[in-house]
Engineer: 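Let me give you the structure first, and then I'll get to my questions.
Computed over heavy atoms, backbone and side chain alike; hydrogens, waters and symmetry mates excluded. We name chains A, B, ... by the order of the sequence lines, and we start the count at 1 in each one.
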There are 2 protein chains.
Amino acid sequence: MRTLINRPRHTDHTMHKPEHLKNAGLKTTLPRLKVLQLFEDGTERHLSAEEVYKLLSDAGELVSLATVYRVLTQFQQAGLLVQHHFDSGRSVFELNSGKHHDHIVCQQCGHVEEFYDATIEKRQEKIAAEHGFVIDEHALYIYASCTKQPCPNKK
Amino acid sequence: MRTLINRPRHTDHTMHKPEHLKNAGLKTTLPRLKVLQLFEDGTERHLSAEEVYKLLSDAGELVSLATVYRVLTQFQQAGLLVQHHFDSGRSVFELNSGKHHDHIVCQQCGHVEEFYDATIEKRQEKIAAEHGFVIDEHALYIYASCTKQPCPNKK
DNA sequence: TTCGCAAATGAGAATAACTATCATTCGCAA
DNA sequence: TTGCGAATGATAGTTATTCTCATTTGCGAA
Ligand SMILES: [Mn+2]
Ligand SMILES: [Mn+2]
Ligand SMILES: [Zn+2]
Ligand SMILES: [Zn+2]
């Protein structure tokens with residue numbers, strides 16, 4: 001996982017956070033910056049509200065849980081984050097890369113792999129059309145077990 | 001949807017409910033029979049715990065909500081029912097037909113269409129294998145809108 | 001048939017993951 | 001700087017589901 005040290009300089013492509021918030025029509029506040037920072041650090045791609053709260057708390061960055069929930073929802077509505085509903089019972093968020101993808105979730109360690117398959121995507125459209133529907137969105141979750149035992153992703 | 005009228009006679013394949021429960025290693029109790037009956041009637045294929053509870057209550061068949069939850073979980077573990085997690089926030093159950101299928105959920109009316117696509121299924125296996133995983137299970141939910149307005153399934 | 005008793009149920013308390021309320025604080029435009 | 005509407009924190013409230021425990025029930029043994 002990449003660290004924050006020796007981060008590349010700002011460019012049109014890598015804006016810093018305040019710009020992101022401005023563009024999303026959200027005013028620049030400390031809690032919003034901290035939450036966004038966490039996702040942009042990229043250490044963990046898929047985070048639940050509780051995890052965001054814990055990670056910030058552990059880093060001495062206190063943001064109330066209510067605010068974490070509010071901010072995550074706002075970011076998702078603004079298109080900064082996308083939300084997923086894994087079987088775990090709580091939703092997880094990730095930075096919106098602009099590229100749709102689906103997920104493989106390891107049953108041993110919870111590790112998440114991403115994939116995109118054009119064939120599957122096309123077939124879905126076809127199936128929906130055949131049934132008289134147009135797709136708003138879809139979710140494909142593959143729950144799987146690592147073939148290399150013990151699971152190398154398990155820490 | 002198929003009706004209960006002119007149901008075929010019992011055969012090895014179409015057992016009546018007490019047999020189902022016996023086979024599943026569950027003792028034959030009134031609440032279990034009532035819940036199973038509801039699903040075997042086939043009027044509604046995909047039911048949440050709350051819906052099962054309401055349908056039974058409305059029919060004068062009182063079964064406590066706690067028992068409905070317990071029984072649904074037991075049936076699912078016994079392989080009589082399968083459980084799905086639509087985006088709604090509550091899980092729904094359906095009779096285990098033995099034939100895997102995925103779902104299209106209408107965003108207008110909540111109507112659920114079922115489909116099976118061999119191409120998608122095969123691709124999933126391939127993708128999992130490529131990533132070093134073997135699939136335990138998967139869920140593909142297509143959230144869609146009816147192209148014929150207004151939605152003909154909306155009651 | 002009737003017993004005995006482990007298993008199942010019902011009523012309601014408890015939990016987990018959110019969501020709403022509201023008094024206080026903060027960001028920012030003037 | 002100041003003023004004020006938006007954002008936050010603390011906490012109460014919801015919703016879906018699970019747990020606890022006193023009471024009832026299914027069913028094999030007698
Ligand atoms: Mn992802
Ligand atoms: Mn189905
Ligand atoms: Zn996809
Ligand atoms: Zn499938």
Engineer: Of the listed nucleotides (D:dC27, D:dG9, C:dG10), which one gets closest to any side-chain atom of B:Val63?
Structural biologist: C:dG10
Engineer: Within this structure, what is the OH-to-C1' distance between A:Tyr53 and D:dG9, rounded to whole angstrom?
Structural biologist: 10 Å
Engineer: Quick one: look up who C:dA16 pairs with, Watson-Crick or G-U, both distances under 3.5 Å, and put none if it's unpaired.
Structural biologist: D:dT15
Engineer: How close or far is atom C1' of C:dA8 from atom CZ of B:Phe75, stated in whole angstroms?
Structural biologist: 12 Å
Engineer: Distance check needed: D:dT18 P versus B:Glu50 CD, whole Å only.
Structural biologist: 13 Å
Engineer: Assign A:Leu65 to base, sugar-phosphate, or nothing according to its heavy-atom contacts below 4.0 angstrom with the strands shown.
Structural biologist: nothing
Engineer: Distance only, no hydrogens: is a donor on one side chain within 3.5 Å (strictly under) of an acceptor on the other, for B:Thr73 and B:Arg70?
Structural biologist: no
Engineer: Both B:Arg70 and B:Ser88 contact DNA chain D. Taking the nearest nucleotide for each, which residue is further toward the 5' end?
Structural biologist: B:Ser88
Engineer: Which nucleotide in the list C:dT9, D:dT8, C:dA17 gets nearest to the side chain of B:Thr67?
Structural biologist: C:dT9
Engineer: Tell me yes or no: between the side chains of B:His101 and B:Glu113, is some donor less than 3.5 Å from an acceptor?
Structural biologist: no
Engineer: Out of the candidates B:Glu114, B:His84, B:His111, only one should pair with B:His46 under the side chain to side chain donor-acceptor pair (under 3.5 Å) rule; please name it.
Structural biologist: B:Glu114
Engineer: Can you tell me how far C1' of C:dA16 sits from CD of A:Glu51, to the nearest Å?
Structural biologist: 15 Å
Engineer: Which nucleotide sits closest to the side chain of B:Arg90: D:dT17, C:dT19, C:dC28?
Structural biologist: D:dT17
Engineer: From C:dT9, D:dT18, C:dG27, pick the nucleotide closest to the side chain of B:Thr73?
Structural biologist: D:dT18
Engineer: Tell which nucleotide pairs with C:dA30, taking only Watson-Crick or G-U wobble pairs whose two distances are both under 3.5 angstrom.
Structural biologist: D:dT1
Engineer: With nearest nucleotide decided by heavy atoms, which residue, B:Leu30 or B:Ser48, maps closer to the 5′ end of DNA chain D?
Structural biologist: B:Ser48
Engineer: If I take atom CD in residue A:Gln83 and atom C1' in nucleotide C:dT19, what distance separates them, rounded to the nearest angstrom?
Structural biologist: 13 Å
Engineer: Would a line drawn from the ring center of A:Phe86 to the ring center of A:Tyr141 be shorter than 6.0 Å?
Structural biologist: yes
Engineer: Give the rounded distance in Å between these two atoms: CG of B:Leu62 and C1' of C:dG10.
Structural biologist: 11 Å
Engineer: Does one side chain, of B:Glu137 or B:His100, offer a donor that lies under 3.5 Å from an acceptor on the other?
Structural biologist: no
Engineer: Hey, is the side chain of B:Thr29 poking within less than 4.0 Å of OP1 or OP2 on C:dT9, counting only N and O atoms?
Structural biologist: yes
Engineer: Taking only the side-chain nitrogens and oxygens of B:Tyr69, find out if one of them lies under 4.0 Å from OP1 or OP2 of D:dT17.
Structural biologist: yes
Engineer: On DNA chain C, nearest-nucleotide positions of B:Arg32 versus B:Ala66: which is more 5'?
Structural biologist: B:Arg32
